[in-house]
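Let me begin by presenting the structure, written as structure tokens, before commenting on it.
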Amino acid sequence: MSTNSSYDFNDVSFSSSYREPLVSRRLFLLRNVQVLELFLALFAFVAIHSLRQKKRHGLPVWPFLGMLPSLAFGIRGNIYEWLSEVLCLQNGTFQFRGPWFSSLNSTITCDPRNVEHLLKNRFSVFPKGSYFRDNLRDLLGDGIFNADDETWQRQRKTASIEFHSAKFRQLTTHSLYELVHKRLLPVLETSVKSSCPIDLQDVLLRLTFDNVCMIAFGVDPGCLGPGQPVIPFAKAFEDATEAAVLRFVMPTCVWKLMRYLNLGTEKMLKESIKGVDDFAEEVIRTRKKELSLEGESTKRSDLLTVFMGLRDEKGESFSDKFLRDICVNFILAGRDTSSVALSWFFWLLEKNPEVEEKIMVEVCNILRQREDHGNAEKVDYEPVFGPEEIKKMDYLQAALSEALRLYPSVPVDHKEVQEDDVFPDGTILKKGEKVIYAIYAMGRMEAIWGKDCREFRPERWLRDGRFMSESAYKFTAFNGGPRLCLGKDFAYYQMKAAAAAIVYRYKVKVVKGHKVEPKLALTMYMKHGLMVNLINRSVSEIDQYYAKSIDDSNIVSV
Ligand code: HEM
């Protein structure tokens with residue numbers, strides 16, 4: 001490269017008035033070239049250094065931005081698969097470093113030892129925390145899902161007694177019978193008759209929303225019905241959750257400012273919460289009136305009625321606001337989880353026809369055990385399964401658990417570190433940090449499930465033909481420890497009742513070319529729904545399954 005001095009001094013043909021700007025222009029150009037070289041060298045150094053960190057930290061760590069560029073890349077595709085890959089390479093745990101101005105630093109794990117430590121052994125060190133609570137307070141208030149310590153414990157204890165009571169079982173059995181046989185099946189039959197595809201995920205979401213409202217409020221909003229009506233309360237609830245979740249991807253000061261100014265998603269949140277509150281208020285008012293007329297003799301066993309009959313530690317009844325919080329939280333917890341799991345189950349079933357066949361044989365076998373169905377001539381083509389029959393469906397339960405293992409309704413969950421701690425794998429955790437347990441990734445770890453971990457194989461849940469549950473720290477779809485999902489048994493009952501009723505009557509065929517992929521949300525929805533065609537099973541087909549169930553039981557008894 002020529003130097004500035006030789007070039008300038010030899011350039012004598014121009015007058016001095018011309019020479020000066022030219023010299024300074026060239027000087028400027030050359031200085032720029034040097035700055036550019038310097039910049040490139042610096043960039044190369046930073047890039048090599050950042051990429052080298054990948055080996056140690058699992059992802060490149062960029063100055064200022066931390067691991068954000070990799071996360072942005074991961075979000076473009078299937079974020080859960082991307083996360084599983086990173087966790088697999090890092091032996092189950094890695095520490096995410098966010099941009100310096102954000103609060104994204106967190107430890108992410110799918111190691112069952114760490115998950116057990118987090119959810120059970122050191123439960124009190126890992127609460128939901130203030131970050132989660134602040135983000136969801138406007139919608140969830142002090143309800144069970146959003147509470148820690150005393151407030152959580154009190155609701156948990158009462159709701160747990162209620163969920164295990166005979167009265168509650170009666171309520172759920174009755175409400176499910178009404179919903180499945182008087183609403184779900186007629187809606188599906190309309191689709192069959194019109195030969196029109198139907199979004200099965202949407203239908204199932206409506207089913208579980210109505211069902212959980214019956215349990216929480218003792219009221220049926222009527223979402224599932226002909227023409228898939230828009231119900232203002234359901235719409236307000238959906239809008240409120242979507243808008244509230246957006247707070248998790250915004251810096252806290254931004255959403256707080258938006259809330260103060262009543263702008264954008266915060267405006268929508270405020271309006272939709274009002275829709276939820278108006279509905280809750282009306283139900284609470286009506287129930288109070290009803291109870292004052294009926295006195296103690298009410299036959300109702302929904303959560304609202306149960307909590308209305310209780311007193312707090314000062315002997316006073318709960319405020320309307322607290323009653324509202326309790327109900328809204330249960331609706332949130334139980335609204336979409338089962339329907340989303342069922343959607344993935346039906347999608348997997350089509351890909352695994354041998355599993356579908358085994359479910360049909362199991363169901364026929366159970367029906368044959370009815371006193372009046374001892375032979376194939378008395379086949380019931382429109383059965384209503386009783387609670388005892390649903391309980392006996394072990395293979396179906398295994399298939400649903402396998403769907404939840406691969407597509408958990410809550411794909412990742414989160415806790416806050418209350419005091420410095422160390423995970424069993426040696427990872428150091430600092431107070432205030434977030435810990436994320438990657439439930440989706442846990443289902444895809446060879447170290448946990450073996451080489452066939454990505455296969456849909458219900459048999460892995462069976463011992464001698466009976467369903468055997470797994471450790472909650474290996475299969476974390478329902479959480480574990482003191483905060484194990486309260487609705488787990490009910491959810492299995494609900495999913496089995498709906499799945500058996502559908503599988504027995506229809507073949508579910510996903511519309512050709514319909515794209516199925518997870519949506520980035522707190523719950524693992526299918527992003528584009530599940531468009532399916534339903535095909536009625538013929539009488540002869542059902543007869544064949546009955547015959548097969550006789551053959552199979554003969555083989556077992558021999
Ligand atoms: C397939 C269906 C379901 C799955 C996969 C599931 C999963 C979960 C998970 C992962 C949690 C922990 C969430 C957290 O603390 O961040 C949870 C909590 C909870 N679930 Fe479920 N759930 C299901 C169905 C239901 C149903 C139908 C109900 C109620 C009717 C319900 C009621 C609850 C409640 C009340 C909690 C909070 C427990 C606590 O914090 O003590 N769940 N569930």
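Order of listing sets the numbers, starting from 1, for every ligand and every atom in it.
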(message) At less than 4.0 angstrom from any non-hydrogen atom of S409, what atoms of ligand 1 do you find?
(response) 5 (C)
(message) Looking only at protein heavy atoms, which one is nearest to atom 37 (C) of ligand 1, and what is the separation?
(response) F145 CD1, 4.0 Å
(request) For atom 7 (C) of ligand 1, find the nearest protein heavy atom and state the residue, atom name and distance (0.1 Å precision). (result) A477 O, 3.3 Å
(request) Measure across P229 and C223 and return the closest heavy-atom pair with its distance rounded to 0.1 Å. (result) CD-O, 3.5 Å
(message) I want to know if ligand 1 touches S338 in the polar sense, i.e. an N/O pair below 3.5 angstrom.
(response) no
(message) Show the atoms of ligand 1 that are less than 4.0 angstrom away from any heavy atom in F330.
(response) 35 (C)
(message) Are the side chains of W449 and R457 in contact, using a 4.5 Å heavy-atom criterion?
(response) no
(request) Sum up the protein N, O or S atoms located under 2.8 Å from atom 21 (Fe) of ligand 1. (result) 1
(request) Could you tell me whether the side chains of T93 and D425 share a donor-acceptor contact shorter than 3.5 Å? (result) yes
(request) Answer yes if the side chains of T172 and Q494 hold a donor-acceptor pair under 3.5 Å, and no otherwise. (result) no
(request) Take Y473 and Y437 through the ring-ring contact (aromatic ring centres under 6.0 Å, His included) test and state the conclusion after the steps. (result) CA-CA 10 Å; Y473 313 105; Y437 46 115; 9.9 Å; no
(request) Tell me, please: is Y492 in heavy-atom contact with ligand 1, that is, under 4.0 Å? (result) no
(request) Please report the closest heavy-atom contact between M526 and S343, naming both atoms and the distance. (result) CE-O, 3.4 Å
(request) Run the numbers for me: atoms of ligand 1, each under 4.0 Å from some heavy atom of K128, listed by number. (result) 14 (C), 15 (O), 16 (O)
(request) Establish, yes or no, whether the cationic atom of R444 lies under 6.0 Å from the six-membered ring centre of Y440 and within 45° of the ring axis. (result) yes
(request) Could you say whether the N/O atoms of D413 and ligand 1 ever approach to under 3.5 Å? (result) yes
(message) Judged on heavy-atom distance to atom 40 (O) of ligand 1, which of M495, H414, R483 sits nearest?
(response) R483
(message) If only side-chain N and O atoms count, and only distance matters, is there a donor-acceptor pair under 3.5 Å linking D239 with S272?
(response) no
(request) Give a yes or no on whether the ring-centroid distance for F307 and F330 is below 6.0 angstrom. (result) no
(request) Report yes if Y437 has an N/O atom closer than 3.5 Å to an N/O atom of ligand 1; otherwise report no. (result) no
(request) Measure the distance from atom 38 (C) of ligand 1 to every protein heavy atom, then report the residue, atom name and distance (to 0.1 Å) of the closest one. (result) R156 NH1, 3.4 Å
(message) Applying the side-chain hydrogen bond (donor to acceptor under 3.5 Å, both in side chains) criterion to D148, which one of K128, R133, Q418, Q153 satisfies it?
(response) R133
(request) Might you point out which heavy atoms bring A280 and R324 nearest each other, and give the distance in Å? (result) CB-CG, 3.7 Å
